[in-house]
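Take a look at the structure set out below.
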Amino acid sequence: MKRTWWKEAVVYQVYWRSFFDTDGDGYGDLEGVRQKLPYIKELGADVVWLNPFYVSPDKDNGYDIADYYGVMDRAGTMADFERLLKEAHALGLKVILDLVVNHTSNQHQWFLESKKGKDSPKRDYYIWHDPVQGKAPNNWRSYFEPSCWEWDKHSGQYYYHSFAVEQPDLNWENKELRHEIYKMMRFWLDKGIDGFRMDVINLLAKRKDLSDVEDPYNLSYLANNPGIHEYLQEMHEEVLGNYNCMTVGEIPFVTPKEGALYVDEERQELNTLFHFQIADEMPTWDMLRFKEIQREWYEGLKGRGWNSQFLNNHDHTRQVTRYGNDREHRVASAKLLATLTHTLPGMPYIYQGEEIGMTGVTFDSIEDYQDIAMKNRYAEEVDKGRNENEVLVSLQLLSRDNSRTPMQWNDKKEAGFTQGIPWMSVNKNYVELNVEKDMQREDSVFRYYQRLIQLRKSNEALVYGDFKDLLPSDESLHVYERSLREEQFLIILNHSEDSHPIPVPTASFDLVLQNLNNETSQLQPYEARIYKKTIE
Ligand code: GLC
């Protein structure tokens with residue numbers, strides 16, 4: 001496939017509010033990100049993805065935007081952002097921003113105007129509906145609430161929200177609205193940013209048929225509706241095609257077949273995507289399903305579009321806790337998971353803290369959690385009469401707060417994250433597990449990430465090479481090849497807590513990276529090896 005800078009890039013995701021606080025308010029800030037750019041550079045990443053820092057009442061940690069053109073106080077100022085962007089570029093790092101245009105905050109001027117009444121000139125910027133037989137139009141749920149419809153007494157209509165009540169959905173059928181969004185995108189691109197991560201971008205088009213669904217908990221009816229590809233092609237034509245930028249769409253509820261429609265290079269929509277087959281279908285590790293998903297996406301996108309590889313982010317529990325072993329095998333399993341995301345076909349994404357093997361958290365009380373998705377669900381289930389503790393326990397493993405605790409920089413007060421009181425408690429394991437300690441050790445998770453990234457950078461086969469799963473039905477070992485012309489890589493991963501003999505011949509290969517100090521042919525728990533052969 002065509003070579004481009006972003007296909008070769010490694011993205012580092014910065015959840016800035018939990019990254020580094022420079023003004024003592026307990027929230028990370030843009031100035032903190034700027035100060036840590038050399039750290040990201042040293043790791044070897046190429047692109048920094050910043051979660052939303054626009055003006056926001058912060059009901060959903062910045063994903064409820066009240067002004068697309070401003071910076072929220074907690075994050076800093078526009079001047080801070082410009083300085084951060086400039087310094088990132090000077091270091092050779094690209095910067096992509098979160099584009100959240102499925103919904104705004106209910107405090108956005110557009111919504112305040114739209115809400116004034118049926119005659120408001122902005123009424124149609126949002127989705128309003130009359131009651132049906134005195135009730136909400138249907139039984140659809142939203143991600144964060146039991147109904148996607150919210151009653152507005154003043155105008156006697158319901159408005160539609162795929163997420164919280166405070167996040168009304170925009171009406172993409174309205175041309176004026178679409179052009180307002182394109183203008184805003186140009187504003188940021190003209191400032192010099194290098195692209196966008198597009199929040200739930202396949203939710204923009206809404207289902208026309210408003211009848212009840214059989215299973216309202218399966219939210220797939222919110223996504224991939226007719227009209228979505230026309231919007232994305234228009235966006236490409238109006239904006240994206242005129243810039244040398246990258247786009248990654250957050251695209252839940254897609255199979256490879258549908259996913260290809262978003263990223264097929266001929267179709268001029270998005271560059272790459274995050275699909276959620278792993279995150280949504282695998283609460284814990286499931287080797288056979290994982291392999292199947294990888295094979296299907298590889299086949300589905302081959303020669304057409306580009307995949308992305310991630311196992312965690314600000315919405316999903318830290319990978320070492322969810323898919324590895326965050327106790328006695330923490331270091332080995334953190335490295336094994338890294339090996340996966342950096343050697344499977346697609347762009348690798350690192351979520352801050354992953355590079356030192358940070359772990360999830362379990363708080364004892366619902367009061368300690370902040371995640372609106374978890375808190376709303378907790379209240380809903382307890383309201384039904386369920387036992388409080390049972391509900392809490394059922395929500396803990398996948399709570400989004402697992403990955404939102406502050407970055408652990410050192411063993412000082414609040415892990416060196418803030419001089420104040422952190423907005424969210426620091427994980428207690430910071431004394432042992434922190435950046436400073438990790439960087440001092442040659443065999444640390446951080447050092448392993450560095451080597452892995454360098455290996456990928458200096459070997460095109462790991463980016464553009466063909467992929468072949470050599471053991472599709474083995475439940476413990478994942479063994480695959482990446483090959484391009486004369487270069488061939490063999491990746492052998494023991495994703496299990498037992499030891500296993502190496503299942504394929506390796507004699508003609510050189511061992512180029514390994515996560516454990518083991519010279520035998522018996523793979524240890526969570527052992528990962530990368531072999532290389534150059535065919536003469
Ligand atoms: C995306 C974001 C998530 C947010 C939601 C609503 O899934 O990643 O954090 O809550 O969209 O914007």
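Counting convention: from 1, in listed order, for ligands and their atoms alike.
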Q) Going by heavy atoms in the side chains, are Trp6 and Asn244 under 4.5 Å from each other? A) no

Q. Of the protein's non-hydrogen atoms, which lies at the shortest distance from atom 2 (C) of ligand 1, and what is that distance?
A. Asp199 OD1, 3.1 Å

Q | Protein contact of atom 5 (C) of ligand 1 - nearest heavy atom, named by residue and atom, plus distance | A | Phe163 CE2, 3.6 Å

**Q.** Single hit among Thr255, Leu344, Leu273 for side chain to side chain contact (heavy atoms under 4.5 Å, CB included) with Trp297
**A.** Leu273

Q | Phe144, portion touching ligand 1 at heavy-atom distance under 4.0 Å | A | side chain

Q.
Show the atoms of ligand 1 that are less than 4.0 angstrom away from any heavy atom in Arg400.
A. 3 (C), 4 (C), 9 (O), 10 (O)

Q | His316 contact mode with ligand 1 (heavy-atom cut-off under 4.0 Å) | A | neither

Q) Counting from 1, what ligand 1 atoms have a heavy atom of Arg404 closer than 4.0 Å? A) 9 (O)

**Q.** Side chains of Arg322 and Arg318 in contact at under 4.5 Å (non-hydrogen atoms)
**A.** no

Q. Which protein heavy atom lies closest to atom 4 (C) of ligand 1, and at what distance to 0.1 Å?
A. Asp60 OD2, 3.3 Å

Q.
Under 4.0 Å from a heavy atom of His103: which atoms of ligand 1 are those, numbered in the order shown and with their elements?
A. 6 (C), 12 (O)

Q: Return the residue, atom name and 0.1 Å-rounded distance of the protein heavy atom closest to atom 9 (O) of ligand 1.
A: Asp315 OD1, 2.7 Å

Q: Among all protein heavy atoms, pick the one closest to atom 7 (O) of ligand 1 and tell me residue, atom and distance.
A: Glu250 OE2, 2.9 Å

Q: Please verify whether a non-hydrogen atom of Met198 lies at under 4.0 Å from ligand 1.
A: no

**Q.** Nearest non-hydrogen partners of His103 and Gln167, listed with the distance
**A.** CB-O, 3.6 Å

Q) If you take all heavy atoms of Trp128 and Ser155, which pair is closest and at what distance? A) CZ3-OG, 4.0 Å

Q) Knowing that exactly one of Phe81, Phe19, Trp16 qualifies, which makes a ring pair (Phe, Tyr, Trp, His ring centres under 6.0 Å) with Phe53? A) Phe81

Q: Can you measure from CD1 (Ile65) to CG (Asp98) and round to the nearest 0.5 angstrom?
A: 7.5 Å

Q: Using ring pair (Phe, Tyr, Trp, His ring centres under 6.0 Å) as the criterion, list what pairs up with Tyr12, not counting sequence neighbours.
A: none

